Amino acid sequence: MKVMLGLSGGVDSAVSAYLLKEQGYDVICCFMRNWDSMANNDVLGNPTLNDNICPQEKDYNDACLVAKKLGLKMMRIDFIKEYWDNVFSYFLDEYKKGRTPNPDIFCNKYIKFDAFLNFAHKNGCEMIAMGHYAKRVVIGDKAYLYKAKDLSKDQSYFLSQINQKQLMSCLFPLGDISKKEVREIAHKIGLESVMDKKDSTGVCFIGERNFKEFLENYLPAQKGKIVDIDTNRVLGTHDGVLYYTLGQRRGLGIGGIHGEDAKGWFVCKKDVKKNILYVASGSEDEHLFSDSAIINNLNFFNEKPLEGEHLNVKFRYRQQDLGVTIHYDNDSAIRLVFDDNYKAVTPGQGCVFYKKDLCLGGGIIDQVFYKGVLKN
RNA sequence: UGGGGUGUAGCCAAGUGGUAAGGCAACAGACUUUGACUCUGUCAUUUCGCUGGUUCAAUCCCAGCCACCCCAA
């Protein structure tokens, strides 16, 4: 079977290529490029602008070396426009509303598992493959998504918006392999260009950035007041409410206050219209917590959860699973009632549903409540 | 212009005649395919408002000055 593998220039996809080949697949490698810093005016806070070699080109070169080493065909494709139109514009729109979007969830939905999948089909591949840490199990004519064996690297969270058809069309060779083993395999077979490369982080295809500076390229700074939600005192000045997310501590610049214990200040509410950033003192302040939420943009790989069903969810990547109960007030959204009060549940972030290690799908956090009162 | 109080790092804030706690912020690193959280580290020795004095030794004692605050006017 012909499979097109997304080869990023990192160790994970490289080892995936090797494993697929060993399993007998006819593998074609393809490097994707979805972000062009110059074309996208990504200037402020871009640490790589003046580098001699663009990191993307370094990655491409590393990927080519992997393909060559494994004797696999190498291709390259740009989805710059698709990424901007389907992922980044949504990302900016969400920020403009004062929400905190997760671009990588939509990068998978629209780019890797849509544009790229179509590209693979056009090139005669029945399936695509990715170096994600996630496990796909096919039973009969249905595919199921499970957390990766290496729970510390599990990336099912980011796959929560792809559909059954997309899931059916994709292989995840690393589902049962730990990160440690991946590096061992890379060393064993001598994938020198990637075997000791540091894991990549930051927004997929864009990379590590000073996030506030990065956003300033697209969202103008607008200074405003930082207000203590408990006393209404003005404690400082922010650079723009859009740049902060709920639960955030860093970047507020609030020092000690006469006569008070300083426990650190945490963002607990954003008023976009008034341009006020509300903060609470200490990480356990009641204003940081919520007890229910409305989730929309629902996507389930198979059956929807049942009314009243108790499930686990992740409200953020790498957060521990939290218990919730499912309620349907209408067809397009789920109302979650939390087992306990949970901290910093943030509109715009993905909510991903799990039944133990089985990932059912996900949605987007739309509204958050505490004791019946809407918080956003 | 009488009385009282305070002046320690960007902000709070301990401190003692013997050579400057802690917290917040900030910065750096770790963690991390979102953004956060979290963790670790760094952060006053040209130094404790300034200037003199006492002392072997002063941020801590004394004097003067300056600044700010409060009360009384």
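These numbers come from the heavy atoms of this one structure, side chains and all, not from hydrogens, waters or symmetry mates. All values reported here derive from a predicted model rather than from experimental measurement.
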> So what does G251(A) touch, heavy atoms closer than 4.0 Å: a base, only the sugar-phosphate, or nothing?
Replying inline: sugar-phosphate

> Does any pair with a residue in residues 271-285 of chain A pass salt bridge (Lys or Arg N to Asp or Glu O under 4.0 Å), and if so which ones, sequence neighbours excluded?
Replying inline: E284(A)-K343(A)

> Which of residues 232-244 of chain A have a heavy atom under 4.0 Å from RNA chain B?
Replying inline: none

>> Of the listed nucleotides (U32(B), U34(B), A25(B)), which one gets closest to any side-chain atom of K153(A)?
In response: U32(B)

> Between U33(B), A36(B), G23(B), which one does the side chain of A262(A) approach most closely?
Replying inline: G23(B)

> Got a sec, which hydrophobics cluster with V368(A), joining ILVMFWY side chains under 4.5 Å apart, including via others?
Replying inline: V137(A), I139(A), Y144(A), Y146(A), I295(A), L298(A), F300(A), L311(A), V313(A), F315(A), L322(A), V324(A), I326(A), Y328(A), I334(A), L336(A), F338(A), Y342(A), V345(A), F353(A), L358(A), L360(A), I365(A)

> Should R318(A) be listed as having a side-chain N or O under 4.0 Å from OP1 or OP2 of C37(B)?
Replying inline: no

> Do Y218(A) and Y95(A) have ring centres separated by under 6.0 Å?
Replying inline: no

> With the 4.5 Å side-chain cut-off for hydrophobic clustering, are Y18(A) and M1(A) part of the same group?
Replying inline: yes

> Can you list every ring pair (Phe, Tyr, Trp, His ring centres under 6.0 Å) pair that touches residues 241-287 of chain A, not counting sequence neighbours?
Replying inline: none

> Can a side chain N or O of Y157(A) be found less than 4.0 Å away from OP1 or OP2 on U34(B)?
Replying inline: no

>> Holding to salt bridge (Lys or Arg N to Asp or Glu O under 4.0 Å), I want the full list of residues that pass it with E286(A), two or more places apart in sequence or in another chain.
In response: K371(A)

> Can you tell me how far C1' in C61(B) sits from the matching atom in U55(B), rounded to whole Å?
Replying inline: 10 Å

> Which pairs, with at least one residue in residues 302-313 of chain A and sequence neighbours excluded, count as a side chain to side chain donor-acceptor pair (under 3.5 Å)?
Replying inline: K142(A)-E303(A), Q164(A)-N302(A), E307(A)-H327(A), E309(A)-K355(A), H310(A)-D339(A)

> Tell me, which pairs form a salt bridge (Lys or Arg N to Asp or Glu O under 4.0 Å) where one or both residues lie in residues 77-95 of chain A, sequence neighbours left out?
Replying inline: R33(A)-D78(A), K81(A)-D85(A), E94(A)-K97(A), E94(A)-R99(A)

> If you write RNA chain B from 5' to 3' in dot-bracket form, with Watson-Crick or G-U pairs under 3.5 Å, [ ] for crossing pairs and | for pairs with another strand, what do you get?
Replying inline: .((((((..(((.....[...))).(((((.......)))))......(((((..]....)))))))))))..

> Where the side chain of N108(A) is concerned, which of C27(B), U33(B), C24(B) is the nearest nucleotide?
Replying inline: U33(B)

>> My understanding is that a hydrophobic cluster links ILVMFWY residues whose side chain heavy atoms are under 4.5 Å apart, including indirect links. Using that, what else belongs to the cluster containing V138(A)?
In response: M168(A)

Which pairs would a plain distance check flag for residues 227-236 of chain A, meaning a side-chain donor or acceptor within less than 3.5 Å of a matching protein atom at least two apart in sequence or in another chain?
unit_1	atom_1	unit_2	atom_2	d
D228(A)	OD1	D230(A)	N	2.9
D228(A)	OD2	T231(A)	OG1	2.9
D228(A)	OD2	R233(A)	NH2	3.1
T231(A)	OG1	R233(A)	N	3.3
T231(A)	OG1	R233(A)	NE	2.9
R233(A)	NH1	E260(A)	OE2	2.5
R233(A)	NH2	E260(A)	OE1	3.4
R233(A)	NH2	E260(A)	OE2	3.2

> Is I105(A) touching bases, backbone alone, or none of the nucleic acid, heavy atoms closer than 4.0 Å?
Replying inline: nothing

> Using a cut-off of 4.0 Å between protein heavy atoms and nucleotide atoms, how would you tag nucleotides 6-11 of chain B 5' to 3' with B, S and -?
Replying inline: ----BB

>> Distance check, C1' atoms only: A20(B) and C39(B), in whole angstrom units.
In response: 28 Å

>> Taking the C1' atom in each of A28(B) and U33(B), what is the distance between them to the nearest angstrom?
In response: 23 Å

> For K180(A), what residues pass the salt bridge (Lys or Arg N to Asp or Glu O under 4.0 Å) criterion, not counting sequence neighbours?
Replying inline: E184(A)

> Does K198(A) place a side-chain N or O at less than 4.0 Å from the phosphate oxygens OP1/OP2 of C31(B)?
Replying inline: yes

